[in-house]
Amino acid sequence: MHRRLFVIASTVLVMLVAASLALALGYALSVRQSHRAVEGYARGTLEDSEAVVRYAIREIGSLAALAGQPCDAWSTESLSLQSYLSPFVRQFGIIDDQGNVYCTNFGAARIPSPIEMMQAFERDGVFMTVSDTEVRQRRSLVIAVPMTGGGAINGLVAPDEFAHPSVVRHLGRFGHASLLLDDGSEIVVAKGGAAHPDGSWNTRQSADRGIVKSVRSEDYPFRAVVRADPGFVLRTFKNNLPLIAPLAALLGASLGLLFYRQTTRQMSLEQSLRRSVARDCEDFRIHYQPIIELETDRCVGVEALIRWQHPSMGMIRPDRFIPIAERNGLIVPLTRWLIRTAIDELAPQLYGDPKFHVGINLAASHFRTFDLVDDLRQLVAYTSLRPSQITLESTEREILSDYDQTPLRVMEMLSAQGFSIAIDDFGTGHNGLAFLQRFPAQILKVDRTFVDTIGTDAVKRPVLDAIVDLGQRLTMGIIAEGVETPEQAAYLRAMGVPYAQGFFFARPMPVADLNAYLEDLEQSLREAAMAKSDNVRRLFGTETPPAAGGIKP
Ligand SMILES: Nc1nc2c(ncn2[C@@H]2O[C@@H]3COP(=O)(O)O[C@H]4[C@@H](O)[C@H](n5cnc6c(=O)[nH]c(N)nc65)O[C@@H]4COP(=O)(O)O[C@H]3[C@H]2O)c(=O)[nH]1
């Protein structure tokens, strides 16, 4: 009950964390989207502004004939007509050589033109600055184009013209767009959103607030700057919520469900494991994989590999349930059952051939107490088996402990009693030589990953050679694991590796199949031996083979 509550609470937590992560991701995407949108507005504002300025320059150029002309009715009317026809330029003016505007579409004037200041911001013969003249309470852009015959014509473009009305409207809802001229002056194109606390809209001052994007013009001395107020991201996020929220909920629910199913499955796996072990391991079977002596091709022993035939889930791999059995204190009774059953099933081989051995896999828990030592001592006392017929296999991981000397003591005691100790999956740990020197192991089982390098990985294969060399120098028995091809078997044989196991020779199998396999193997070895002696007979005729000293001429 306690555990179930814990699982439910953890599931809720997983759901919440997953949904929050999805929301956080949605928010991050909204931030990105907001930045992109603001940059898009800046780009759009710049493109619109450039188009307007280009158009305005062309319109100003069309009035070239008025440069240097007196400000009479014709000039004024021409300027008026042009401003009336122009979609962008609100006012035209004629500038004299001193830079003063002496004529506009409203008649004669005497407006000192900031032409000197403008000169600093000239590009391709066009002058630009911000005029003090306000159009709809906003300062506008003045463009002056000098004419070849002297003087210049200027035009005043209202800020509203620099962006499409829909963009202005949209921008106005969340921020502020302006054209920032190289002389430092600014024309506000669209004004909205939250203003700077001091009431100003100056884009440079508010760069620390909200999102600010600026795009420079390659043709004109200005850049478009768009600033979205700080609430813009939140608004984008809110707009995205109808899509993000269901996704977050779905992700939370799916991960929660997955977690719940996985945990309850694990729990039910634990329960059925416990149940089966309590019923004398009724759902467990043992498969035996032959170990072959490479020189003679004979089977000298087997490795016992446990199988769990789950009543409803089918065959479960040992890698999956052994860790569960370990965590739940079930591995010791399970191994006890395995040893007892294996010795029972392999009785003909074990009692019939004192050299035949069975390999038993041990887990870390077996090395924490001395129970195994007692169990095995009793086993050999009650049977006529030799301890050397039982090979106890364990990996470096399971035996090594920095804090506890018990595993080493257990190993030493087992070894002293004559049991064979094999280091399983050798080479996958990190201890190598130091490990082998410390532990009383007689057999080294080379991990499958190294055998796999034969014929496939010339770079890593020297590691296999080094492991084999190490085992040989330490006069240990070597078993190569996972031999799958004849090339691998031939290579290992040539290297002097004495034993091997793997799918090339035989897969793990139930005892009935093993008995049949062993019979077949014996039969084929007998036939091979007979074939050899037939060859010898054919070679030397029916006469008795020559005694030592040589072949008869
Ligand atoms: N790809 C390939 N695989 C091959 C080949 N030859 C053998 N194998 C597989 O390699 C594994 C060898 O066992 P292991 O290294 O001791 O690795 C064993 C062992 O660590 C553990 N295990 C199995 N039975 C027991 C047991 O009774 N007790 C404990 N504590 N662990 C066990 O589970 C692991 C996996 O066992 P299995 O699934 O039976 O997998 C077995 C075997 O079926 C080959 O040529 N190619």
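As a basis for the values below, the full set of heavy atoms in this structure was taken, side chains included, without hydrogen atoms, waters or symmetry mates. Whatever order the structure lists ligands and atoms in, that order sets their numbers, starting from 1.
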Original post:
Nearest heavy-atom pair of Phe504 and Glu484: which atoms, and what distance?
Top reply: CB-C, 3.5 Å
**OP:** Give the single entry among Gln488, Arg317, Arg307 that approaches atom 39 (O) of ligand 1 most closely by any heavy atom.
**Re:** Arg307
Original post:
In ligand 1, which numbered atoms sit nearer than 4.0 Å to a non-hydrogen atom of Val483?
Top reply: 45 (O)
Original post:
Hey, is Gln501 touching ligand 1 through its side chain, its backbone, both or neither, going by heavy atoms under 4.0 Å?
Top reply: neither
Original post:
Hey, is Arg448 close enough to Asp452 for a salt bridge, meaning N to O under 4.0 Å?
Top reply: no
Original post:
Which ligand 1 atoms are under 4.0 Å away from a heavy-atom of Gly482?
Top reply: 5 (C), 44 (C), 45 (O)
Original post:
What's the shortest heavy-atom distance between Thr335 and Asn361, and which atoms?
Top reply: CG2-O, 4.2 Å
Subject >> Pairing of Glu47 and Arg43 as salt bridge, 4.0 angstrom limit >> reply: no
Original post:
Does the protein place any heavy atom closer than 4.0 Å to atom 17 (O) of ligand 1?
Top reply: no
Original post:
What part of Asp424, side chain, backbone, both or neither, has a heavy atom within less than 4.0 angstrom of ligand 1?
Top reply: side chain
**OP:** Specify side chain, backbone, both or neither for Thr395, according to which of its non-hydrogen atoms lie closer than 4.0 Å to ligand 1.
**Re:** neither
Original post:
Between Glu481 and ligand 1, which part of the residue brings a heavy atom under 4.0 Å of the ligand: side chain, backbone, both or neither?
Top reply: side chain
Original post:
Any idea which of Arg507, Glu484, His366, Gln289 brings a heavy atom closest to atom 1 (N) of ligand 1?
Top reply: Glu484
Subject >> Atom indices of ligand 1 within 4.0 angstrom of Gly502 heavy atoms, with elements >> reply: 6 (N), 45 (O)
Original post:
Given the side-chain rings of Phe321 and Phe284, with only the six-membered ring counted for Trp, is the space between their centroids under 6.0 Å?
Top reply: yes
Original post:
Salt bridge or not for Arg340 and Asp280, using N-O below 4.0 Å?
Top reply: yes
Subject >> Ligand-residue contact atoms, ligand 1 with Asp425, heavy atoms, under 4.0 Å >> reply: 15 (O)
**OP:** For ligand 1, indicate whether the residue Ile306 contacts it via side chain, backbone, both or neither (heavy-atom separation under 4.0 Å).
**Re:** both
**OP:** Salt-bridge test for Asp513 and Arg507: reply yes if a basic N is under 4.0 Å from a carboxylate O, no otherwise.
**Re:** no
